[in-house]
J.: 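Handing you this structure, nothing more for now.
Heavy-atom basis, side chains included; hydrogens, waters and symmetry copies ignored.
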Amino acid sequence: MQLRELAEKLRCRLVGNGEVEVHRLAPLHEAGEGDLSFVVNARDLPTLEASRASAVIVREWSPPCSKPALLTNDPYLAFVQALRLFYTPDRPTPGVHPSSIVQEGVRLAEDVAIGPLSVVETGVTIGPRSIVGAQVYIGRGSRIGADCWLYPQVMVRDGVEIGDRVIIHSGAVIGSDGFGYLRDGQGVRIKIPQVGRVILEDDVEIGANVKIDRATMGATRIKRGTKIDNLVQIAHNVVVGADTVIVALSGISGSTKIGDRVTLAGQVGIVDHVEIGDDVTVGAQAGVSKSLPPGGVFLGSPAVPHLAFKRSVAAVNRLPQILNTLKRIEARLASLEGAASERREEAQPSQSASDGGPQ
């Protein structure tokens, strides 16, 4: 694609030769002839001239460079949009692979593709242009919307509802039983039937090896536009708000309610039956033990407002200095007490002599 054409598609301002042909995209340090790269941080500008890239995306009002450039207010966003232009995933041919099992009563819309060795149980509905990869299992009565992509070895249990444009990566299990047990009179744990369902709304993306449990009753719900990273556990009856991001290795206990536009960083743990308000950010490895109000940033375990956490970390970092100061104070006190004791001992003989003299 010529750089001039790309500038029009990305709505960037072209500076330099628009006839340059761009074939690939690459990081600045790996780019070669025919590659388009980008510069986001000003600290990378000195390495720009040394790069072999044929063209570059840079921020408006950056210093001039010798390479043809696309100028924009957000170079990284423009680069991502270019990626979407250059690299579109190959879509499989519509139809059902001969090795797959599709039970009676399944309804497949136009241009649905089902890969090899998959199983689709009775009562399933799959919307237009959706793709079901190899070795995928879709349980009885589940519904999948339009333009979804289920990668190989995804498991969708019975009665799951999936909206439009949902992406589910390999190894994910949607609708597994919630972890619910009750002790009987003899202390034996009795399994609580998990008869609810899971609902994934439109434009949700589920990472590899994510587990989302079905509700005990009602629904575990992931709302519109939420993105979930790999290796996340979401327990029964959890509700996750719209446009929320949950990063890898996080665990959310049952009946928790998470607001819209929340960010849970890596390895966050949340106890059951708490509520996290809209626009909250919870830092990596934090442990949430109580409900959090909207709009805050929380760190630590138990999670506290980030300024309080930073003050506590600063105090902990000063502990060696504080201990040394305390030792000096203790030594000074011991010295003062010793001197006072000597003065008392010196005063005692003169007092005794005074008491024994003539009257």
J.: Given I222, which partner from the list I228, I199, I174 fulfils the side-chain contact (heavy atoms from CB on, under 4.5 Å) test?
T.: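 In the set I228, I199, I174, the residue that makes a side-chain contact (heavy atoms from CB on, under 4.5 Å) with I222 is I228.
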J.: Are more than 12 heavy atoms from other residues, nucleotides or ligands located less than 6.0 Å from atom OH of Y76?
T.: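 Counting other residues, nucleotides and ligands, OH of Y76 stays at 12 neighbours or fewer.
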J.: Can you pull out every ring pair (Phe, Tyr, Trp, His ring centres under 6.0 Å) where at least one residue sits in residues 178-219? Sequence neighbours excluded, please.
T.: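 The answer is F179-Y181.
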J.: May I ask you to decide whether E33 forms a salt bridge with R52, counting only side-chain N to carboxylate O separations under 4.0 Å?
T.: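 Salt bridge absent between E33 and R52.
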J.: Answer yes if the side chains of R143 and T125 hold a donor-acceptor pair under 3.5 Å, and no otherwise.
T.: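 Side-chain D/A pair, R143 to T125: absent.
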J.: Given the rule that I, L, V, M, F, W and Y join up when any side-chain heavy atoms are under 4.5 Å apart, are V40 and L45 in one cluster?
T.: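 No: no chain of side-chain contacts under 4.5 Å links V40 to L45.
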J.: Any carboxylate oxygen within less than 4.0 angstrom of a Lys/Arg side-chain nitrogen, looking at D158 and R214?
T.: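 Between R214 and D158 there is no salt bridge, as every charged N stays at least 4.0 Å from the carboxylate O atoms.
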J.: So H169 and Y151, would you call those rings parallel, tilted or perpendicular, with 30° and 60° as cut-offs?
T.: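 Correct class here is parallel.
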J.: Can you tell if the side chain of L25 reaches within under 4.5 Å of the side chain of F38, non-hydrogen atoms only?
T.: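 SC-SC contact between L25 and F38 ruled out.
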J.: Step by step, work out the side chain to side chain donor-acceptor pair (under 3.5 Å) result for D213 and S176.
T.: CA-CA 5 Å; D213 292 345; S176 47; 2.8 Å; yes
J.: Is any side-chain heavy atom of V106 closer than 4.5 Å to a side-chain heavy atom of I138?
T.: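 Answer no - side chains too far apart.
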J.: When you compare the side chain of L71 with that of V58, does any pair of heavy atoms fall below 4.5 Å?
T.: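 Sidechains of L71 and V58: in contact.
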J.: Which residues pass the salt bridge (Lys or Arg N to Asp or Glu O under 4.0 Å) test with E205, sequence neighbours left out?
T.: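 Testing E205 for salt bridge (Lys or Arg N to Asp or Glu O under 4.0 Å), a comparison that skips the adjacent residues, returns none.
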J.: Between T93 (side chain) and A113 (backbone), is there a donor-acceptor pair under 3.5 Å?
T.: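 Absent.
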J.: Output the distance between atom CD1 (I206) and atom OG (S170), rounded to the nearest 0.5 Å.
T.: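 Here the interatomic distance stands at 13.5 Å.
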J.: Between R332 and S335, is any side-chain donor less than 3.5 angstrom from a side-chain acceptor?
T.: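 Checked: R332/S335 side chains show no N/O donor-acceptor pair below 3.5 Å.
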J.: Quick one: OG on S51 to CD on E30, what's the gap to the nearest 0.5 Å?
T.: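 Going from the OG atom of S51 to the CD atom of E30 covers 10.5 Å.
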J.: Do R165 and D203 sit within salt-bridge range, that is, some charged N less than 4.0 Å from a carboxylate O?
T.: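 Salt bridge between R165 and D203, a charged N being under 4.0 Å from a carboxylate O: yes.
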J.: Q194 and side chain to side chain donor-acceptor pair (under 3.5 Å): which partner among N237, T216, T220?
T.: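 Only one option passes, and that is T216.
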J.: Does any part of the side chain of R311, heavy atoms only, come nearer than 4.5 Å to the side chain of L307, both counted from C-beta?
T.: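 Counting from C-beta outward, L307 and R311 do come under 4.5 Å.
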J.: Grouping I, L, V, M, F, W and Y whenever their side-chain heavy atoms are under 4.5 Å apart, do V247 and V238 come out in a common cluster?
T.: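 Different hydrophobic clusters.
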J.: Are D279 and P294 close enough that some pair of their side-chain heavy atoms sits under 4.5 Å apart?
T.: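 A side-chain contact under 4.5 Å is absent here.
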J.: With side chains defined as the heavy atoms from C-beta onward, is the minimum distance between T47 and H29 less than 4.5 Å?
T.: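 They are not in side-chain contact.
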J.: Run through L150, V154, V132, V96 and flag the one making a side-chain contact (heavy atoms from CB on, under 4.5 Å) with S118.
T.: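 That would be V132.
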J.: What's in the same ILVMFWY side-chain cluster as V297, cut-off under 4.5 Å, chained through other members?
T.: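 Hydrophobic cluster check, V297: no partners found.
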J.: So does D177 pair up with K191, basic N to acidic O under 4.0 Å?
T.: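 Result for this pair is yes, salt bridge flagged.
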J.: If you count heavy atoms of other groups shown closer than 6.0 angstrom to CD of E49, is the number above 12?
T.: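 Yes.
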J.: For the hydrophobic clusters of this structure (ILVMFWY residues joined by side-chain heavy atoms under 4.5 Å, transitively), does one cluster hold both I167 and I126?
T.: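 No: no chain of side-chain contacts under 4.5 Å links I167 to I126.
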J.: Y87 and F79: same hydrophobic cluster, using ILVMFWY side-chain contacts below 4.5 Å?
T.: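 Same hydrophobic cluster.
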J.: Kindly indicate whether the side chain of S130, heavy atoms from C-beta on, has any atom under 4.5 Å from the side chain of W149.
T.: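 No - every pair of side-chain heavy atoms lies 4.5 Å or more apart.
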J.: Regarding D243 and R261, does a basic nitrogen lie under 4.0 Å from an acidic carboxylate oxygen?
T.: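 A salt bridge is absent here (no side-chain N lies under 4.0 Å from a carboxylate O).
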J.: Report yes if the side chains of I246 and I252 come closer than 4.5 Å at any heavy-atom pair, otherwise no.
T.: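 Yes. Closest side-chain heavy atoms under 4.5 Å.
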J.: Applying a strict under-4.5 Å side-chain criterion to I, L, V, M, F, W and Y, I'd like to know whether L77 and V22 cluster together.
T.: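 No, separate clusters.
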J.: Got more than 12 heavy atoms from elsewhere within 6.0 Å of CE, M217?
T.: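 Counting other residues, nucleotides and ligands, CE of M217 stays at 12 neighbours or fewer.
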